[in-house]
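Read through the structure below, which is laid out as structure tokens, and then see the notes.
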Amino acid sequence: MRKNPNYHKVLFPSHFRDDSKCLNCPEDKWPDSRKEECLPKLIQFLSYEEILGSALACISVLFCLLTFSVFCLFIIKRKTPIVKANNRDLSYLLLISLMFGFMCSLAFIGRPNQIMCMIRQVMFAVIFSLCVSTILAKTITVVMIFSATNPDSKLKKLVGLRIPIYIVPVCTMVQVILCIVWLTTDAPFAEFNMEAEIGIIVIECNEGSRVLFASVLGYMGLLASVSLFVAFLARKLPDTFNETKFIAFSMLVFASVWVTFIPAYLSTKGKQTVAVEIFAILSSSAGCLFCIFSPKCYTILLHPEMNNKENITGRNTQNRGKQF
């Protein structure tokens, strides 16, 4: 459909002569229905006042409170075997990073400005890298724990090195360096998009360097892929409190969300683009929360009799097998 060349023009009558002339409206204004006056264009961004923005904010706060409740439950039950298994410190760190992950989505709501455009993407990238690297460390911890019980395992020598402790800071620092390069070379900035929708000025954040933005997302995808690969290799370990199956499923959910995010992000315009990114943040974080921690919470709250050393180590099951 071809645009009318006079679509942005206004007819101004001349009071001193019989003819009239057309003048173009400025970019931030729009002609009225009678084409006699230039009116300011509507300004659009995802705000807390509208239903979509307030709904996403409420969901974010609710998930954050739910994660905080799980964190408090783990603190209260910190001496129980099911919490102590597979490094409870990593569980605490993962829950804290998930809480910040839910809360960082609030930075995407509201009128964008130069500072918020820089902060929200960097905060999102660093927090999610911390979250995924913690999951990777938990996966390696499970593999090393079960490998230590096998005298023929080559990984038994690595148990004393406490490798999982170094995975989290190293993997997170790589993302921090990428973000520093991003901010110093071509940082995100707020811009007025007048072409997204007719008659509307969309205030949005331009990502600056799309290459660095893709690198940040790609690094998170790399961490998630490595976690999924390690968890897949450990799927044949004993079933007794083997977290790798839950971690593998959480990484599948994480990867599925962000793979579908890319075409959705590229095909939407205006505030819907921000809503899609917030939805991806909330969905992937909620997937990690439920897949990894719901089995533990189920045992702690509904079956406390199973929260003992015999069930965790599998001795109770072995003894029952001998009786039969």
Side-chain angles (χ1 to χ4, degrees), residues 41-73 94-128 130-132 188 190-193 196-207 213 216-217 220 224 249-294 297:
K41 291 182 179 180
L42 296 176
I43 295 178
Q44 184 186 81
F45 56 90
L46 187 62
S47 64
Y48 291 98
E49 285 75 18
E50 56 185 302
I51 297 177
L52 181 60
S54 58
L56 291 173
C58 291
I59 293 173
S60 175
V61 173
L62 288 176
F63 273 121
C64 183
L65 293 176
L66 179 61
T67 309
F68 181 72
S69 301
V70 176
F71 179 75
C72 292
L73 178 64
L94 178 57
L95 287 169
I96 293 173
S97 62
L98 286 175
M99 278 191 286
F100 281 107
F102 287 122
M103 294 305 295
C104 80
S105 62
L106 297 177
F108 290 80
I109 306 175
R111 186 185 179 107
N113 54 53
Q114 186 71 23
I115 297 177
M116 289 305 301
C117 288
M118 296 173 62
I119 291 177
R120 71 183 193 181
Q121 293 293 1
V122 172
M123 185 168 55
F124 153 71
V126 173
I127 290 174
F128 267 72
L130 175 63
C131 176
V132 179
E191 70 172 358
F192 294 87
N193 190 345
E197 297 185 31
I198 298 176
I200 296 177
I201 301 176
V202 179
I203 306 178
E204 59 186 10
C205 289
N206 189 311
E207 309 305 339
F213 179 59
V216 167
L217 294 179
M220 287 190 294
F249 190 68
S250 68
M251 288 295 97
L252 281 175
V253 174
F254 185 91
S256 300
V257 169
W258 288 104
V259 167
T260 55
F261 161 78
I262 296 174
Y265 183 83
L266 296 176
S267 60
T268 53
K269 296 180 179 180
K271 62 182 180 182
Q272 286 77 21
T273 304
V274 181
V276 167
E277 188 168 0
I278 295 175
F279 180 78
I281 292 173
L282 296 179
S283 301
S284 56
S285 301
C288 294
L289 177 65
F290 283 104
C291 293
I292 296 176
F293 292 99
S294 59
C297 294

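Both backbone and side-chain heavy atoms feed into the values below; hydrogens, waters and symmetry mates do not.
Residues Phe128 and Phe254 are in side-chain contact: their nearest non-hydrogen atoms beyond the backbone lie under 4.5 Å apart. Phe108 is listed as a side-chain neighbour of Ile281, based on a closest heavy-atom distance under 4.5 Å. Under the 4.5 Å side-chain criterion, counting only non-hydrogen atoms from C-beta, Ser60 is in contact with Leu282. Side-chain contact check for Leu106 versus Tyr48: some heavy-atom pair is nearer than 4.5 Å. Looking at Val253 and Cys291, their side chains come closer than 4.5 Å, going by heavy atoms from C-beta outward. Cys131 places a side-chain heavy atom less than 4.5 Å from the side chain of Leu94. For the pair Phe192/Ile203, a side-chain contact is recorded, criterion being any heavy-atom separation below 4.5 Å from C-beta on.
Counting non-hydrogen atoms of neighbouring residues, nucleotides and ligands closer than 6.0 angstrom, the CZ atom of Phe71 exceeds 12 such neighbours. Surrounding CZ of Phe279 are at most 12 heavy atoms belonging to other residues, nucleotides or ligands under 6.0 Å away. Within 6.0 Å of atom CZ in Phe213, more than 12 heavy atoms from other residues, nucleotides or ligands are found, so the atom counts as buried in its surroundings.
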TODO: Just do the side-chain contact (heavy atoms from CB on, under 4.5 Å) check on Met220 and Phe124 with the steps written out, would you?
DONE: CA-CA 11 Å; Met220 287 190 294; Phe124 153 71; 3.6 Å; yes

TODO: Take Ile262 and Leu217, measure what side-chain contact (heavy atoms from CB on, under 4.5 Å) needs, and give me the verdict at the end.
DONE: CA-CA 10 Å; Ile262 296 174; Leu217 294 179; 5.8 Å; no

Open item on the list: With side-chain contact (heavy atoms from CB on, under 4.5 Å) as the criterion, how do Cys297 and Leu73 come out once you've worked through the C-alpha distance, each side chain's angles and the decisive distance to 0.1 Å?
Closed with: CA-CA 8 Å; Cys297 294; Leu73 178 64; 4.0 Å; yes

- [ ] Just do the side-chain contact (heavy atoms from CB on, under 4.5 Å) check on Leu289 and Leu95 with the steps written out, would you?
- [x] CA-CA 8 Å; Leu289 177 65; Leu95 287 169; 4.1 Å; yes

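A salt bridge does not link Lys271 with Glu204: none of the charged nitrogens is closer than 4.0 Å to a carboxylate oxygen.
No side-chain donor-acceptor contact under 3.5 Å links Ser283 to the backbone of Ala280. A donor-acceptor contact shorter than 3.5 Å is absent between the side chain of Glu277 and the backbone of Val274. Distance alone, capped at 3.5 Å, places no donor-acceptor pair between the Ser250 side chain and the Ile292 backbone.
Each of Phe102, Phe100, Phe290 was compared with Ser285 under the side chain to side chain contact (heavy atoms under 4.5 Å, CB included) criterion, and only Phe102 meets it. Of the candidates Cys64, Ser284, Cys288, Cys288 is the only one forming a side chain to side chain contact (heavy atoms under 4.5 Å, CB included) with Leu98.
If you take CD1 on Ile59 and CD1 on Ile278, they are separated by 10.0 Å, rounding to the nearest 0.5 Å. Separation of atoms CD (Gln272) and CG (Leu46) is listed at 8.5 Å; rounding is to 0.5 Å. Once rounded to the nearest 0.5 Å, the distance linking CD1 of Ile109 with CZ of Arg120 reads 10.0 Å. Atom SG in Cys72 sits 10.0 Å away from atom CG in Leu65 (nearest 0.5 Å). Note that CE of Met123 is 5.5 Å distant from SG of Cys104, once rounded to the nearest 0.5 Å.
The SG atoms of Cys117 and Cys205 lie less than 2.5 Å from each other.
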